Amino acid sequence: MITAVVLPPPPPGRQLYRKVRDRASYAFALVSVAAIVEAEGGRIRGARVALGGVAPKAWRAEAAERALAGVAARDDSYRDAAAAALADARGRPGNDFKIQLAQRTLRHTLAAAVERA
């Protein structure tokens with residue numbers, strides 16, 4: 001019998017999740033982004049990013065995290081991070097649109113997380 005679960009403290013920063021779906025009635029995400037962004041003084045101190053709906057299982061976008069470390073919190077930095085996250089992405093017939101959709105969703109999620117931090 002499990003009586004308790006002890007979790008480590010969450011990493012610092014603003015946590016945000018975005019889910020893009022075809023219709024409100026569908027639970028399945030076309031693309032989802034989970035991000036934790038720590039920003040201070042107009043710069044990103046650190047970030048954790050995960051993408052869902054673009055591969056057989058959700059995955060951590062470590063290339064995006066590296067691209068965000070220590071950069072100015074502005075749109076071109078978010079765009080660079082999104083490009084890094086999906087640099088090796090290869091679409092299939094009928095789902096090529098997800099690559100650009102994931103990049104836009106990641107960019108907007110990062111901007112919103114920094115704005116709310």
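Excluded from the calculations below are hydrogen atoms, water molecules and symmetry mates; all remaining heavy atoms, backbone and side chain alike, are included. Model, not experiment: these values are computed from the prediction.
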Interatomic distance, [X] atom [atom1] to [Y] atom [atom2] [nearest 0.5 angstrom]:
X	Y	atom1	atom2	result
Leu86	Ile99	CG	CD1	7.0 Å
Asp76	Arg107	CG	CZ	11.0 Å
Thr105	Leu110	OG1	CG	10.5 Å
Asp22	Phe28	CG	CZ	11.0 Å
Tyr78	Thr109	OH	OG1	11.5 Å
Leu106	Leu101	CG	CG	11.0 Å

_Is it true that, when you exclude Arg48 itself, more than 12 heavy atoms of the residues, nucleotides or ligands shown sit nearer than 6.0 Å to its CZ?_
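Not buried by this count: 12 neighbours or fewer within 6.0 Å.
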
*So with a 6.0 Å cut-off around CG of Asp88, is the heavy-atom count from everything else above 12?*
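No, the 6.0 Å shell around CG holds no more than 12 heavy atoms from other groups.
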
_Close side-chain approach of Leu30 and Lys98, heavy atoms under 4.5 Å_ =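 In contact.
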
_Any non-hydrogen side-chain atom of Pro10 less than 4.5 Å from a side-chain atom of Gln15?_
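Answer yes - side chains close enough.
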
*Single-linkage hydrophobic cluster Val31~Phe97, side-chain heavy atoms < 4.5 angstrom*: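 Yes, same cluster.
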
*With no hydrogens and no angle check, is any side-chain donor or acceptor of Arg18 less than 3.5 Å from a backbone partner on Val33?*
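Not at all, since once roles are kept as given, no pair shorter than 3.5 Å links the two residues.
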
*Between Asp96 (side chain) and Arg92 (backbone), is there a donor-acceptor pair under 3.5 Å?*
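It does hold such a pair.
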
*For Ile36, the rest of its hydrophobic cluster, which grows through side-chain links under 4.5 angstrom*: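 None, because no other hydrophobic side chain comes under 4.5 Å of this residue.
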
Between [X] and [Y], which heavy-atom pair has the shortest distance, and what is it?
X	Y	result
Gly70	Arg43	O-NH2, 2.8 Å
Ala113	Leu16	N-CD2, 3.7 Å
Ala64	Ala85	CB-CB, 3.8 Å

Please list every donor-acceptor pair under 3.5 Å in which a side-chain atom of residues 49-63 meets a protein atom from a residue at least two apart or in another chain.
unit_1, atom_1, unit_2, atom_2, d
Arg60, NE, Glu65, OE1, 3.4
Arg60, NE, Glu65, OE2, 2.7
Arg60, NH2, Glu65, OE1, 3.2

*Evaluate the criterion side chain to side chain contact (heavy atoms under 4.5 Å, CB included) for residue pair Ile44 and Glu38; output intermediate values, then yes/no.*
CA-CA 6 Å; Ile44 297 174; Glu38 182 183 11; over 6 Å; no

